[in-house]
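Have a look at the structure below, then the notes.
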Amino acid sequence: MIIILKNNDYSEENPSVQKLTEYIKNYDVNISKIIGSQTTIWGLVGDTSKIDIDMIRQFDIVENVQRVAEPFKNANRKFHPDDSIIDVAGKKIGAGYFSVMAGPCSVESQEQITDIAKKVKNSGSAFLRGGAYKPRTSPYSFQGLRDMGINMLLEAKKAADVPIVTEIMDLSHLDYFGEVDIIQVGTRNMQNFELLKELGHTKKPILLKRGFANTIEEFLMSAEYIMAGGNSNIVLCERGIRSFDNKTRNVLDISAIPVIKRLSHLPIIIDPSHATGYSYLVEPMAYAAVAAGADGLMIEVHNDPQNALSDGAQSLTPEQFDKVMQSIIKRVEFEGKIMQR
């Protein structure tokens, strides 16, 4: 339920505010307050089924009351009409700010990750991405360098002066992520609710990837788990959904961009690398994402894709990435957005 207030004094000392607050708290729900330049909205989070809308309308400071049909509240645009901006180490994502995250699927060595960090930054990437803990379909595939990989990412962060993004797989690893700028929750963990709840208790920015077999509503409900814990620093990531067709790794759901922007205020970026599985498809899908209104991209870049320990087929070389970025920057600026570098 949302309550739209009249343009008035909303301080806690206002008797009308105190009366409305007391009335609502009798129903054991939480009040999320969004104060905009023109409108002030109270979002009621919890079981609001017993609250009488007509009774709330009688309060002199209330302009209107609406019930929200969607089960996600904090992530809902009805609660938060303005686009959220997620600020990470001075780089902004959302509400007209566009960011690219680039780097290898897996951290393989210090030399490799530092070299790529410098090259993707020079090409215009705002963030370095790299996997230290790698969830793989086969138990015999390369699983990542784990905590050693985190340390290598941190060294590359210092050497290239670039914020880093890397994936967490288990709560027991959380202590290793203290200096990581954005914690990524991968597609397989999108509904790891215990992990999401714990990340909700941190203030660390979270990159939440859509599960490859999950609906958009389920995707937003996973964001709600994090936000319910108090962490609203969330960037959504569409990375493709499973289909019957085998010509691409997954099907990139470009329509998810406008749908999510209609439903939620959270920024959404696109990962064309994991979605398609082939490097030749990354460039056109990146352009499509920009045209559809995405707030950023995550692109895999490897200095030697043919010998990569994971996902080499979908990785661009630094030279290919530089070429793609030149076009992306022009397209982003043509759309009137601000490129973060």
Side-chain angles (χ1 to χ4, degrees), residues 37 77 80-104 116-130 157 160-165 181-182 184 205 207-209 233-240 252-262 264-276 279-302 314-341:
S37 57
R77 185 173 287 280
H80 194 299
D82 297 327
D83 289 339
S84 288
I85 299 174
I86 310 303
D87 192 313
V88 187
K91 314 288 186 182
K92 296 179 180 179
I93 308 171
Y97 293 97
F98 191 96
S99 293
V100 174
M101 306 172 187
I116 293 175
K118 292 177 180 178
K119 288 178 178 176
V120 297
K121 182 184 178 181
N122 288 339
S123 295
S125 179
F127 298 89
L128 170 68
R129 60 94 67 221
K157 172 183 175 178
D161 189 25
V162 60
I164 58 174
V165 184
D181 297 283
I182 302 180
Q184 176 182 315
L207 178 72
L208 178 64
K209 283 197 165 189
N233 296 312
I234 301 171
V235 178
L236 303 173
C237 180
E238 168 60 47
R239 48 80 65 210
L252 178 55
D253 187 3
I254 290 291
S255 67
I257 301 169
V259 171
I260 285 175
K261 284 189 169 291
R262 184 182 181 90
S264 178
H265 54 90
L266 296 173
I268 175 170
I269 72 169
I270 296 296
D271 179 349
S273 302
H274 275 96
T276 64
S279 60
Y280 80 93
L281 290 171
V282 170
E283 183 175 2
M285 292 300 96
Y287 298 160
V290 174
D295 298 297
L297 295 165
M298 174 175 273
I299 297 176
E300 292 200 354
V301 180
H302 195 285
Q314 65 196 36
S315 299
L316 301 181
T317 63
E319 294 74 26
Q320 290 171 327
F321 177 70
D322 187 69
K323 175 179 174 293
V324 171
M325 281 297 293
Q326 290 178 31
S327 294
I328 287 173
I329 292 168
K330 291 178 183 177
R331 291 164 194 261
V332 168
E333 292 177 346
F334 178 79
E335 295 287 339
K337 294 187 175 183
I338 302 171
M339 190 77 185
Q340 299 292 279
R341 292 183 246 185

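On a predicted model such as this, the values are computed, not experimentally measured, just so you know. All residue numbers in this chain count up from 1 along the given sequence. Computation of the quantities below employed the complete heavy-atom set of this structure, encompassing side-chain atoms and omitting hydrogens, waters and symmetry-equivalent molecules.
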Just how far is it from atom [atom1] of [X] to atom [atom2] of [Y], taken to the nearest 0.5 Å?
| X | Y | atom1 | atom2 | value |
| --- | --- | --- | --- | --- |
| Asn233 | Ile85 | CG | CD1 | 12.0 Å |
| Leu128 | Lys157 | CG | NZ | 10.5 Å |
| Ile86 | Leu266 | CD1 | CG | 6.5 Å |
| His274 | Leu252 | NE2 | CG | 13.0 Å |
| Lys323 | Ser123 | NZ | OG | 12.5 Å |

Do you know which two heavy atoms are closest between [X] and [Y], and how far apart they sit?
| X | Y | result |
| --- | --- | --- |
| Pro258 | Ala292 | CD-O, 4.2 Å |
| Ala294 | Ile257 | N-CG2, 3.7 Å |
| Ala126 | Gln340 | CB-O, 3.4 Å |
| Pro267 | Asp295 | CA-OD2, 3.3 Å |

Taking only distance into account, with no hydrogens and no angle test, what donor-acceptor pairs under 3.5 Å do side-chain atoms of residues 87-100 form with protein atoms, sequence neighbours excluded?
from: Asp87; atom 1: OD1; to: Gly90; atom 2: N; distance (Å): 3.1
from: Lys91; atom 1: NZ; to: Arg341; atom 2: O; distance (Å): 2.4
from: Ser99; atom 1: OG; to: Lys92; atom 2: O; distance (Å): 3.0

Looking at side-chain heavy atoms only, is the closest gap between [X] and [Y] below 4.5 Å?
| X | Y | answer |
| --- | --- | --- |
| Ile268 | Glu238 | yes |
| Gln184 | Lys209 | yes |
| Ile269 | Leu207 | yes |
| Met101 | Asp271 | no |
| Val301 | Lys119 | no |
| Ile182 | Val235 | no |

Between [X] and [Y], is there a donor-acceptor pair closer than 3.5 Å when you use the side chain of the first and the backbone of the second?
| X | Y | answer |
| --- | --- | --- |
| Asn122 | Lys118 | yes |
| Lys261 | Asp83 | no |
| Ser273 | Glu300 | yes |
| Arg239 | Pro272 | no |

I'd like to know whether NZ of Lys337 has more than 12 heavy-atom contacts from other residues, nucleotides or ligands below 6.0 angstrom.
yes
Using atom types as modelled, flag every donor-acceptor pair under 3.5 Å from a side chain in residues 279-287 to any protein atom, sequence neighbours excluded.
from: Glu283; atom 1: OE2; to: Tyr287; atom 2: OH; distance (Å): 2.5
from: Tyr287; atom 1: OH; to: Ser327; atom 2: OG; distance (Å): 3.3

